[in-house]
Novice: 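Take this structure first; my questions come after.
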Amino acid sequence: MKKWLSSLAFALSVVFLWLFKREQSKREAVEKELEASQLENSAAKVNEKALEIKRDVKNNNIRDPSDRVERMRRKGHLRD
């Protein structure tokens with residue numbers, strides 16, 4: 001009877017240990033996915049900001065009546 005109870009206790013502890021390890025690995029996988037998602041999100045925000053700046057510059061250049069060479073000279077990109 002003691003052998004049977006001790007083997008049952010051992011089997012239950014092994015099952016619970018296996019379940020714990022499985023849940024732990026699932027949690028780690030979800031944390032890695034979350035981290036990757038956050039990196040993607042931050043990269044998307046950076047790209048969106050860059051496109052917004054590019055769009056603003058293009059709109060400013062369209063509204064400016066002077067030609068491109070004059071604008072570049074005003075900004076200091078071209079020198080005589």
Side-chain angles (χ1 to χ4, degrees):
M1 187 72 169
K2 274 187 173 182
K3 268 189 180 179
W4 188 79
L5 286 176
S6 64
S7 62
L8 179 65
F10 177 74
L12 287 175
S13 64
V14 168
V15 167
F16 283 124
L17 181 64
W18 178 72
L19 290 173
F20 175 75
K21 291 290 185 181
R22 192 175 84 180
E23 289 299 318
Q24 188 177 18
S25 66
K26 283 182 183 179
R27 187 189 53 182
E28 288 174 356
V30 168
E31 287 175 354
K32 286 180 183 178
E33 287 178 21
L34 177 64
E35 185 178 327
S37 174
Q38 287 174 341
L39 288 175
E40 277 183 24
N41 192 15
S42 65
K45 285 181 182 179
V46 168
N47 287 343
E48 183 180 339
K49 183 70 175 172
L51 288 174
E52 183 179 325
I53 290 171
K54 183 178 178 182
R55 187 173 48 245
D56 289 344
V57 167
K58 189 173 182 179
N59 287 336
N60 286 341
N61 288 342
I62 289 172
R63 281 182 270 161
D64 194 353
S66 60
D67 69 345
R68 183 173 37 130
V69 174
E70 289 177 26
R71 284 195 305 267
M72 290 177 74
R73 279 196 179 117
R74 251 193 339 242
K75 293 178 183 177
H77 297 302
L78 292 179
R79 296 192 176 113
D80 291 329

Novice: Has E48 got more than 12 heavy atoms of other residues, nucleotides or ligands less than 6.0 Å from its CD?
Specialist: no
Novice: Nearest 0.5 Å, what's the CD-NZ distance between E35 and K32?
Specialist: 9.5 Å
Novice: First locate atom CG of L51, then atom NZ of K58, and finally report the distance between them rounded to the nearest 0.5 Å.
Specialist: 11.5 Å
Novice: Quick check on side chain to side chain contact (heavy atoms under 4.5 Å, CB included): which of N61, N59, N60 does V57 satisfy it with?
Specialist: N61
Novice: Please say yes or no: joined through hydrophobic side-chain contacts below 4.5 Å, possibly via intermediate residues, are L12 and L5 part of one cluster?
Specialist: yes
Novice: If hydrophobic clusters are built from ILVMFWY residues whose side chains come within less than 4.5 Å, do V69 and M72 share one?
Specialist: yes
Novice: With rounding to the nearest 0.5 angstrom, report the CG to NZ distance, N47 to K54.
Specialist: 11.5 Å
Novice: Within the distance-only criterion (no hydrogens, no angle test), does the side chain of S37 pair as donor or acceptor with the backbone N or O of E33 below 3.5 angstrom?
Specialist: no
